[in-house]
Each structure stands twice: as C-alpha cells, then as structure tokens.
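Because the structure is predicted, anything quoted here is derived from the model rather than measured.
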Amino acid sequence: MADDGLSPTVCPYCALGCGFYIRKGEGGPGIEYMLDHPTNEGALCPKGNAALEVLGHPERLRFPLLKAGDGWRRISWEEALARLAGEIKETIRDYGPGALGFLGSAKCTNEENYLFQKMARLLGSKNVDCCARRCHSPTIPALNRAFGAACMTNPISDLANSGCIFAIGSNFAENHPLVARWALRAKDRGGFIIVADPRLTPTAWLADLHLQINLGTDVALLNGMMNVIIEEGLYNSKFVEERTVGFEELADKVRWYTPERAAEITGVSASSILRAARIYARSPASAILYSMGITQHSHGTDNVTACADLALICGHLGRSGAGLYPLRGQNNVQGACDMGVLADFYPGSVSVSDAEGIRRLEVAWGGASLPKGMGMTAEAMPVAAGDGDLRLLYVMGEDIVNSDSASSRGRRELANLDFLAVQDIFMTETAEIADLVLPAAAWAEKAGSYTSTERRVQWSPRAIDPPGEARSDLSTIIRLANLLGLNFDYSGPEEVLAEIGRVVKSYAGITRERAGARGGVIWPCPFLDHPGTPILHQDGFSAPEGRARIFAVDYQPPAEERSQDYPLLLTTGRVVIHYNAGSMTRRSLSLMRRAPELFVEVNPGDADQWGVVDGDLVEVETRRGEAWARARVTTRQERGVLFMPFHFPETNTLTSDVIDPVARIPEFKVAACRIGKMKGV
Ligand SMILES: Nc1nc2c(c(=O)[nH]1)N[C@H]1C(S)=C(S)[C@@H](COP(=O)(O)OP(=O)(O)OC[C@H]3O[C@@H](n4cnc5c(=O)[nH]c(N)nc54)[C@H](O)[C@@H]3O)O[C@H]1N2
Ligand SMILES: Nc1nc2c(c(=O)[nH]1)N[C@H]1C(S)=C(S)[C@@H](COP(=O)(O)OP(=O)(O)OC[C@H]3O[C@@H](n4cnc5c(=O)[nH]c(N)nc54)[C@H](O)[C@@H]3O)O[C@H]1N2
Ligand code: SF4
Ligand SMILES: [Mo]
C-alpha cells in the first residue's frame, strides 16, 4: 500500500486488464479510478465497478474442508496438505503419474500457474490444462500455423487507428466493454464497424453494418468475402508475394464461394457480403476482432484459420490500426497459456513434442526428467475419470462442473475419481463434489502478475488481507510441492517471476518493477532495457522462412442440425452483468439485482409457435437434458435460434460435447433443442 492509501490493482474479471486503485478506508475498501491507465483510462464496466463486492462476501471459503459424509469437516492446513500430498503419492505408487490430472486457473497469477504446471510435470504428469481449452484453444494451432505466434497482434487502444473494425463472433460491447471505447473513437474518426453475429447484440447496435449470420457458417462468410476481394483485385499483392505462402491454393478454394453461394449458406445477403468485403479490404488499416462465436465450434480451428487468411490476403497486419484480435477471455488466460498450463505446451510455447525445447527446461529445472507428448485436455480428464484412467484431479480456480459442456455427464464421471481436490475462493458446484476444498486468497489479497489479452504484463500488489485462513495459491502450491519432495525454494512471487524470465524468452526483460509501473510491459520483451512490443509482425512472421501461411479451408456445418424432435438451435454465451459460471457475480449484490435469474431469449415468431409467453418459466430441452429458464421474447434473436447465458448452472446440462478435432473445444455455440411451457406449471 502506497503512502496515499491507494494500492494499484488489475480487474479480476475479463482479459482487458483494466487498472484501478483500491483505497483502504473506514467502512472497508473502495475503488479509486486510475485515469492514466493505457487501456481503460479510468473507466470500468459494471463488473469492474463491483469487483470488491465479492472479497468480503460472507460465503468466502475461510478454512480447509474435508468431506465427511454428506457434509464437511474443518481441518488444519497441515492436515489438508498432508492429506493431498499423501493421496498424490499413493496414486503415483498405484497407477503411475499418468493417473494425476491438474487444472490450472486463468484467474490466478502467472507465478501461480507457472509453479502449478512445474509441480505437475516434475511429478511426471502430462495432464495439465485450463479453461483456455473451452475458450481460445482453436486460436493456438490456427495462428501458430499462420503466423508462428498465437496471440493478439495489436493493443486495444490501437483500434482507434483502424479505418474498419470487423468483429466476428465477438460481443465486445458486453464482454470486453472497454473495447467499445476505442472502437467508438475509430468511428469518431470516420472508421466503419462491421459486426457478424447471429444475434442483434449491443455490439451489433454499434455497427454500421450488421451481418446476421446463420450459426456456424462463418467459414462460408469469410470465404465469400475473400472471393470478392480476389475477384475484384482488392487484395494486397505485394504483401501476399513478399510475406506469405499458400495464396494460390486459397484463391482456388474460394472461387466456389461466390457471394450468392455464401449468401445461401450464411443467410447474409450477397450485397452485404460484397459491401463488407470491399470496405474491409479497401480501408487503409483494418482490424478483425473475434472471440467465442468463432472458436466454440466443432470446426473452430477452421474458423480462426479463415479469419487469419482474410487479414493476410489484405495485408492488414503488422501496422498500427491493422491487426487480428483474438479477444481472450479471463483476466489471466493469456498468462496461463504463456506459463504452459496447456496439455500441448510447456512454458514459452514450447511444444510437448519439442525434444530440444524440453531438454532446455530440464536443465533450467535442475536436471529433472520431464514427460513428453500430449497430455489429457480439460475435456478428456472427466472422460478419463469415468473410464478409471484418471484417479486424482487437482483443480485450482475453475468451476468445471458448471462451465464444461454436457455437464451432467461430467459430474457423473468426476464422481468416479478416487480423490478430487478443489482450491477456490467460494464453494462452487465443483467444490461441492470434491473430497478436499482449499480456501484461496483472491486477487487483491495476494501479489503477482497478470497478462492481459494485449500481452500486457501487470503486477498487482497485495492490498488487503484474505479472510479466515485463506492463503494465496502460490503459497499452497509451494508447500504442497515441498511435501512431495520437489524442493520449491521460493521466497515469494518476485522470485518466481525472475525464474519465468529465465525460462520464457518473451518475458526475459520483465521484472517486478517494470510490471509494477503504470500499464506494465507488453511482451515480447526479450531483455531488460527492451521497451516491449505492442505491435507484432512488423518485421515479418516467426513462421518458417519468415512468411505467414495462408491455409485454405472449406465450410462444414455444425455437428447438430434442426430436426423434427429438436426444431430449434440453442446458442449460449454471456451478458455484461455476469461472469462465466457465476461463482463471483452471482454473489455480487449490485449485479444480482440487475440480472437475478437464468433466461432464454426467444424470437416472437417462435414464441407464438411453441406457446411461450414473455416472462413465463419455460423448459428448454436438448439431447443431453432439460433446464428451466425465464422466457424473454425479443427480436434480438432470429427465428429458429434461442440464446441462453451460461452464468447459471442449468445451461451447461444442455450443451453439446462434440469437439473440434484439432483444438478439442466443445461446440458450446450450437445445440439442437426444443422449448415449451414447463410441465406442471
Ligand atoms: N460480461 C462478461 N464478460 C466476459 C465474460 C463473461 O462471462 N461475462 N467471460 C470472459 C471470457 S472467459 C470470454 S472467452 C470472453 C468471450 O467473449 P465473447 O466471445 O464476446 O462471448 P460470447 O457471448 O460467448 O460469444 C460472442 C458472440 O458470438 C455470437 N455467436 C454465436 N454463434 C456464432 C456463430 O456461429 N458465428 C458468429 N459469427 N457469431 C456467433 C454470439 O451471438 C455472441 O454474441 O468474454 C470474457 N468477458
Ligand atoms: N455454455 C457455455 N459454456 C461455456 C462457455 C460458453 O460460452 N458457453 N464458455 C467457456 C469459456 S470461454 C470459459 S473461459 C470457461 C470458463 O470456465 P471456468 O474457468 O471454470 O469458469 P469461471 O466461472 O470463471 O471459474 C473460475 C473459478 O475461479 C475462482 N477464482 C477466482 N479467483 C481465484 C483465485 O485467485 N484463486 C483460486 N484458486 N480461484 C479463484 C472463481 O471463484 C471460479 O470458481 O467456460 C466455458 N463454458
Ligand atoms: S472491461 Fe473487463 S477488465 Fe475492464 S472493468 Fe470490465 S471486466 Fe474488468
Ligand atoms: Mo473464456
């Protein structure tokens, strides 16, 4: 805490990394705006403004708890950690380290995630993953193949310099609200906003052109736009020639996708496709923003690839205002991925099949022998638990029972584990089914660094005390690892960040001091005096030969289609007031007042057809199960499409568990369903 009583901090919700101050005063901590923060300039969205409400909540976990019959027994930290260490050792002895699973947390700091995966892998387990699997996992293989780097290319504030902003499958006005600040600044300067979304979202209201696309048809739209751009000679031939490979194959592929054919598949008129293509290609600097509407599909990797192709053929990369923005989700999901909390990557994006990269880590980690090859993903772990191949799961800061698709199945499978340990700040549905629950200190109650979606690494010091005996995740991991004989000799997060700098090249120049300065540092920052790199690919690509790869893909329909029994499509997502599985925002009084219950949005035509009246409690049913929700009859949805947010537990009992074959992300965005009045109501 500085002399003025203000402690700088980073918002714990979305990946924008907005900064604010915590002021300690009589009547508890309060928020002071940070007017000179480079991303949010002091502004906060409703969740940021309510962030402190969860800290002092009476339901915060305060003590370690051991399952005792149907209830819980409060135990000491010594007993809790000894028990967990004992269970881990027994599992290794009886089944080998391959029977251990570790889910890290995009809510936790870089230092915590780094040590979490280091512990798992030093124990010999490859099974390390996090919520990025259900989020931007398609971005990683697709952009690595295209550019050699799988992250956002330009800072958020640089959007103000874009002549055209094309948001596809992103509802940033609700889910990354401070992006709207910069998009509107672009609009003020004459910029044009295109939004491709099946729903009339608040982001679509901001748009100059809304492409109301059929669910899961984005490749057809993007190929249709590229058809126009190539046919009309609007592509950037110099950029294509000098900096890419694969253009000819793409040109061949998209020839079939005339605006008329693309219109038939996507439901967007041919004239709108032409208009969008021309505006995006002709603007001097265009940006593509995408998020879950692109990734959460059985062909999510193809969707991302098509977005990258569009940027590449127009040369809208490597300059101010021109970029590709995979808007990441959680406050530290970029960091968790950088730290290697992924089944396919070690820290620093070292592939689990890169023998040379792994050997360097073995040296850095004191001569250990590390596992190679793909581990179990977050989606594979519950399945393996059901099959008896995974025996112990340690979950740090995720609520998989609520956030995973087809969740009733997942809950049954997890019940088959020998031991489930959950470390969280609240008793989530996942914690409810655990054997051991460990109470964690929340963000403002501990120190460490977070990496925002713009690759901005910011240090957040401890501002207030955690409740009861809750401890930072870092100290829990260190103590547990030491009980397991791993000699984790760290005095605190500063020392862990220093090790990260030695292991992860792009973090080499990032120190606690530099990350602690206003706005931190944007990686790659390869040495101490390096200023950071806000815009990537300015001097070429890190893909082989320094050239980006254009990779042609074809449209494929979503896994589930409408049928006689399930005549509608359900899509799921978010609203501005709530956050993910809801453990934090559903405990925030001011937010609950504004959005108190689960709802389903229904088009008036569908409502008439299925006998649904606005405000009714209705039942939504898919092949996986049924759930109730309050009907909102609204023209925000087109005929045939229902929308439910997933901030309340019921939604994910409905969603599909079909996965993208490359990224292994479930198709959260499309499930065939039906709707009706609740039975017995
Ligand atoms: N308020 C709030 N903010 C959040 C979160 C939150 O829960 N609440 N969560 C954070 C996280 S973890 C993430 S990943 C981000 C996600 O941020 P977003 O990706 O913006 O969130 P979603 O609402 O899941 O999906 C975005 C849009 O995709 C559209 N969509 C659905 N299917 C399709 C399709 O087939 N094609 C196209 N083009 N669009 C489609 C939906 O209608 C929706 O408007 O938000 C982060 N920020
Ligand atoms: N139907 C549907 N399902 C979806 C999605 C969708 O669009 N539709 N989106 C998916 C996406 S994009 C994502 S990212 C996932 C999110 O899935 P999860 O990561 O499982 O969801 P969260 O609710 O954010 O869970 C984070 C947990 O961390 C806890 N926590 C907060 N701070 C700390 C801390 O400092 N330490 C510890 N130990 N715990 C902490 C919170 O209380 C919360 O329980 O959900 C996915 N599920
Ligand atoms: S935009 Fe994201 S980071 Fe900023 S205040 Fe809102 S939730 Fe927090
Ligand atoms: Mo996410």
Side-chain angles (χ1 to χ4, degrees), residues 9-13 51-66 72 74-81 83-85 102-117 119-120 130-131 330-333 335-336 339 341 393-403 420-450 460-481 483 488 490 492-493 496 579-585 587-588:
T9 196
V10 185
C11 176
Y13 284 113
L52 298 185
E53 288 178 18
V54 296
L55 293 180
H57 195 280
E59 285 169 23
R60 280 291 300 279
L61 290 170
R62 285 173 161 71
F63 308 101
L65 298 169
L66 189 67
W72 297 98
R74 176 177 158 182
I75 56 173
S76 68
W77 269 105
E78 285 63 36
E79 189 182 347
L81 292 175
R83 178 67 189 270
L84 180 53
F102 295 82
L103 286 172
S105 178
K107 287 243 140 316
C108 290
T109 64
N110 287 324
E111 294 73 24
E112 288 162 347
N113 279 295
Y114 175 78
L115 286 193
F116 188 76
Q117 61 80 38
M119 170 175 68
C130 73
C131 69
Q330 298 257 34
N331 55 338
N332 199 35
V333 67
M339 297 304 119
V341 183
L393 180 60
Y394 179 8
V395 182
M396 169 172 83
E398 288 205 348
D399 188 7
I400 45 170
V401 163
N402 278 345
S403 62
L420 173 62
V422 172
Q423 189 165 306
D424 205 294
I425 64 172
F426 287 115
M427 183 63 84
T428 60
E429 305 256 321
T430 312
E432 290 279 4
I433 64 164
D435 299 288
L436 177 69
V437 173
L438 301 174
W443 98 102
E445 301 158 353
K446 61 186 177 185
S449 68
Y450 299 87
S460 172
R462 172 172 161 149
I464 44 185
D465 294 336
E469 292 178 8
R471 285 230 177 103
S472 75
D473 295 277
L474 194 81
S475 72
T476 300
I477 299 162
I478 292 174
R479 286 164 48 115
L480 177 66
L483 287 178
F488 273 19
Y490 301 95
V496 183
Y579 195 81
N580 285 2
S583 76
M584 292 162 77
T585 51
R587 289 186 172 88
S588 191

Between atom CD of E78 and atom CZ of R83, what is the distance when rounded to the nearest 0.5 Å?
-> 16.0 Å
Is it the case that K107 and N331 place a side-chain donor and acceptor less than 3.5 Å from each other?
-> yes
Within residues 421-444 or reaching into it, pairs that qualify as salt bridge (charged side-chain N to carboxylate O under 4.0 Å, His left out) - sequence neighbours excluded | R411-E429
Report the distance from atom CG of L438 to atom CG of L84, rounding to the nearest 0.5 Å.
-> 6.5 Å
Pairwise salt bridge (charged side-chain N to carboxylate O under 4.0 Å, His left out) hits with a residue in residues 436-447, at least two apart | R60-E445, E112-K446, K446-D473
Minimum-distance pair of heavy atoms, taken over all atoms of A481 and F488 | CB-CD2, 3.4 Å
To the nearest 0.5 Å, how far apart are CZ in R479 and CG in L81?
-> 5.5 Å
V401 vs I433 side-chain heavy atoms within contact, under 4.5 Å = yes
Give a yes-or-no answer on whether the side chains of T109 and S449 include a donor-acceptor pair shorter than 3.5 Å.
-> no
With sequence neighbours left out, the residues meeting side chain to side chain contact (heavy atoms under 4.5 Å, CB included) with A120 are F102, V128
With sequence neighbours excluded, residues passing side chain to side chain donor-acceptor pair (under 3.5 Å) with T430 = D399
Residues passing the ring pair (Phe, Tyr, Trp, His ring centres under 6.0 Å) test with F63, sequence neighbours excluded, are none
Is it true that a side-chain atom of W443 and a backbone atom of V10 form a donor plus acceptor pair closer than 3.5 Å?
-> yes
Electrostatic pair R74-E79, nearest N-O below 4.0 angstrom = no
Taken in chain and number order and not counting sequence neighbours, the residues that satisfy side chain to side chain contact (heavy atoms under 4.5 Å, CB included) with A431 are V422, M427, T428, V437
Partner residues of Y450 under the side chain to side chain donor-acceptor pair (under 3.5 Å) criterion, sequence neighbours left out = none
State which residues pass side chain to side chain donor-acceptor pair (under 3.5 Å) with Y394; sequence neighbours excluded, sorted by chain then number.
-> Q423
Within-4.5 Å side-chain heavy-atom neighbours: Q330 and Y579 = yes
List in chain and number order the residues that pass salt bridge (Lys or Arg N to Asp or Glu O under 4.0 Å) with R471, two or more places apart in sequence or in another chain; answer none if no residue qualifies.
-> none
Backbone N or O of G448 within a donor-acceptor pair of the S460 side chain at under 3.5 Å?
-> no
Check whether any side-chain heavy atom of Y490 lies under 4.5 Å from a side-chain heavy atom of S475, and answer yes or no.
-> no
Is the backbone of G582 close enough, under 3.5 Å, to the side chain of N402 for a donor and an acceptor to pair up by distance?
-> no
So do the side chains of I478 and L115 get within less than 4.5 Å of each other, counting heavy atoms only?
-> yes
Residues in side chain to side chain donor-acceptor pair (under 3.5 Å) with E59, at least two apart?
-> R587
Partner set under salt bridge (Lys or Arg N to Asp or Glu O under 4.0 Å) for R62, not counting sequence neighbours = none
